[in-house]
Amino acid sequence: MTFYEQFDDRLSAEDLGLIERARSFCRADFRTRAHEAYLRDQPFDVDIVRQWAELGMLALQVDRSVGGHGASYLCKVRVAQEMAEHSFAAAFALNNMQGMATRLCRDGTAEQQGRFLERMMSGSVIAALAMTEPQGGSDLRKLATHVNRVEGGWLLNGTKSWVTNGTIVNCLMVLAHTATSSGGSDIAGYLVECEDGKGLTRSEIRVPGAQSFRLAEITFKDYFIPATAQLYGPGEAIKTSLEAINAARVHVAAMCVASLRSALGSAAQYCGSRVAFGKDVLQHQGLRWELAQVATQLEAASALVFKAAAAVNDRRDARDLAARAKAFAIPVAVRGIEECIRVMGAVGASSKHRLSMLHSEVRMAAFADGTQEMLLDRIGRTLNEPSDAKPNANVAADTRQS
Ligand SMILES: Cc1cc2nc3c(=O)[nH]c(=O)nc-3n(C[C@H](O)[C@H](O)[C@H](O)COP(=O)(O)OP(=O)(O)OC[C@H]3O[C@@H](n4cnc5c(N)ncnc54)[C@H](O)[C@@H]3O)c2cc1C
């Protein structure tokens, strides 16, 4: 039985071919380049975006009719896992770009698709979601960014923070308050082409060891956006974002599983050849049991992630499963990688091995797409309901998102 067998058993030959393509790319020089960039405290080389696009990976879930691969959600998860075995942050960042192309293909107007879709698939337009603001991310409804109607469009004002790929994005889906026809205000979504200097400024958010997320804060001051930029009307934007979050939680959890699997492989290999007191250290029962614990938790996390991913893929209500998968997999991965570093002795923490990089990157998963408290809150709400995923038309729209 292979580690990803549950996934692979359900995939078409075409999906499996895409995963194989991703695997070959990631195991070649991508692995080394991502690690070398980490050691320089730099993000991965931006040329990797172009190469990833050339492999068709940014068009993974875009419809075939417009040049994409129409891949399944399970395929998308497996592709992200192939990269997360080598760099969690790069997998997160590239998956983010791919998710935006998918979103545009699904929800964009013909005008928006004509303007952006091909360029998103080729990597020349890098897009991201801009929801979080400096005053908070969990409570989306309190966001302060807003638009005001002007001739031909809107003026956008506000600051968005923690934008993935924010230092290089040239297109953002911005959540902002807008006036409603009833005289009130609600949150809408705008597809905003980013041109620095014309009322848009950005500043990098540096997180030690996590430069490959390319996080940034982006401020709009009377930034003009055309009338055609609205992607989601008032009331639709929050709903769509919350629907999309289940798929996002599951693939983040899946990437954590892949990073831990990779760390465990490295630790077991090293400990199998490092000799102390006359035998390799893996033969010492105390150490072997520690890695056995990590392996057991890894297997459990993977099983839960698969269950949640299958629910998303099959368009069943995955809200509870997605929260459980992320709430379980993230701490398992963070602590598991830490254990792997520790059992290797001091060398585990050195630049010679990639484990410190994986650890620095994976710990960031605790914040994106729902903090631990938000996830537990979600799980707690359904404790007295049947736990099986149910068909749900609202959530069906979510299955190819993010
Ligand atoms: C790597 C990375 C990538 C990201 N990418 C993006 C992106 O592309 N676009 C984007 O918009 N955002 C992005 N984010 C931001 C992310 O979505 C937010 O960090 C997240 O929503 C949490 O918001 P916050 O950090 O402002 O914490 P806050 O919302 O301020 O929360 C602070 C603390 O309070 C806790 N808390 C809040 N409410 C409750 C409650 N009701 N009960 C108990 N505890 C509570 C939280 O769990 C947290 O521990 C990214 C973040 C990271 C780390």
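This chain uses plain numbering: 1 for the first residue, then up along the sequence. Both ligands and their constituent atoms are indexed starting at 1 by order of listing.
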Taking NZ, NE, NH1 and NH2 as the nitrogens, is one of them in [X] or [Y] under 4.0 Å from a carboxylate oxygen of the other?
X    : Y    : result
E339 : R335 : no
E217 : R202 : no
E193 : R115 : yes

Could you tell me whether [X] and ligand 1 have an N or O pair separated by under 3.5 Å?
X    : value
Q372 : no
T132 : yes
N96  : no
D369 : no

From [atom], is the closest protein heavy-atom distance below 4.0 Å?
atom                    : value
atom 46 (C) of ligand 1 : yes
atom 34 (O) of ligand 1 : no
atom 26 (O) of ligand 1 : yes
atom 39 (C) of ligand 1 : yes

Any idea which protein heavy atom is nearest [atom], and the distance to it?
atom                    : value
atom 3 (C) of ligand 1  : T164 OG1, 3.3 Å
atom 14 (N) of ligand 1 : W162 O, 3.3 Å
atom 21 (O) of ligand 1 : G137 C, 3.5 Å
atom 36 (N) of ligand 1 : M374 CE, 4.3 Å
atom 20 (C) of ligand 1 : F367 O, 3.4 Å
atom 52 (C) of ligand 1 : A368 CB, 4.0 Å
atom 49 (O) of ligand 1 : E373 OE1, 3.4 Å
atom 31 (O) of ligand 1 : S138 OG, 3.8 Å

Does the plane of the ring in W52 sit parallel, tilted or perpendicular to the ring in F25? Use 30° and 60° as the thresholds. tilted
In terms of the angle between their ring planes, are H86 and F30 parallel, tilted or perpendicular, with boundaries placed at 30° and 60°? perpendicular
Look at ligand 1 and say whether [X] reaches it with a heavy atom at a distance under 4.0 Å.
X    : result
A128 : no
L215 : yes
D377 : no

Main chain of [Y], side chain of [X]: is a donor-acceptor contact present, judged purely on distance under 3.5 Å?
X    : Y    : answer
K160 : M131 : yes
D280 : Q283 : yes
K142 : Q135 : yes

Name all pairs fulfilling the salt bridge (Lys or Arg N to Asp or Glu O under 4.0 Å) condition that reach into residues 281-304, sequence neighbours left out, sorted by first residue then second. E290-R342
Is the NZ or CZ atom of R214 positioned over F44's six-membered ring, under 6.0 angstrom from the centre and within 45° of the axis? yes
With a cut-off of 4.0 Å, which atoms of ligand 1 are near a heavy atom of [X]?
X    : result
G136 : 26 (O)
M131 : 10 (C), 11 (O)
L129 : 7 (C), 8 (O), 9 (N), 10 (C), 11 (O)

Chi angles and distances behind the side-chain hydrogen bond (donor to acceptor under 3.5 Å, both in side chains) call for E14, H69: CA-CA 9 Å; E14 199 175 343; H69 291 286; 4.7 Å; no
Applying ring-ring contact (aromatic ring centres under 6.0 Å, His included) to Y38 and not counting sequence neighbours gives none
More than 12 heavy atoms of other groups within 6.0 Å of R206 CZ: yes
Report the C-alpha distance between S122 and L58 in whole Å, list the side-chain angles of each, state the deciding distance to 0.1 Å, and finish with yes or no for side-chain contact (heavy atoms from CB on, under 4.5 Å). CA-CA 7 Å; S122 71; L58 297 183; over 6 Å; no
Answer with side chain, backbone, both or neither: which part of F213 has a heavy atom less than 4.0 angstrom from an atom of ligand 1? side chain
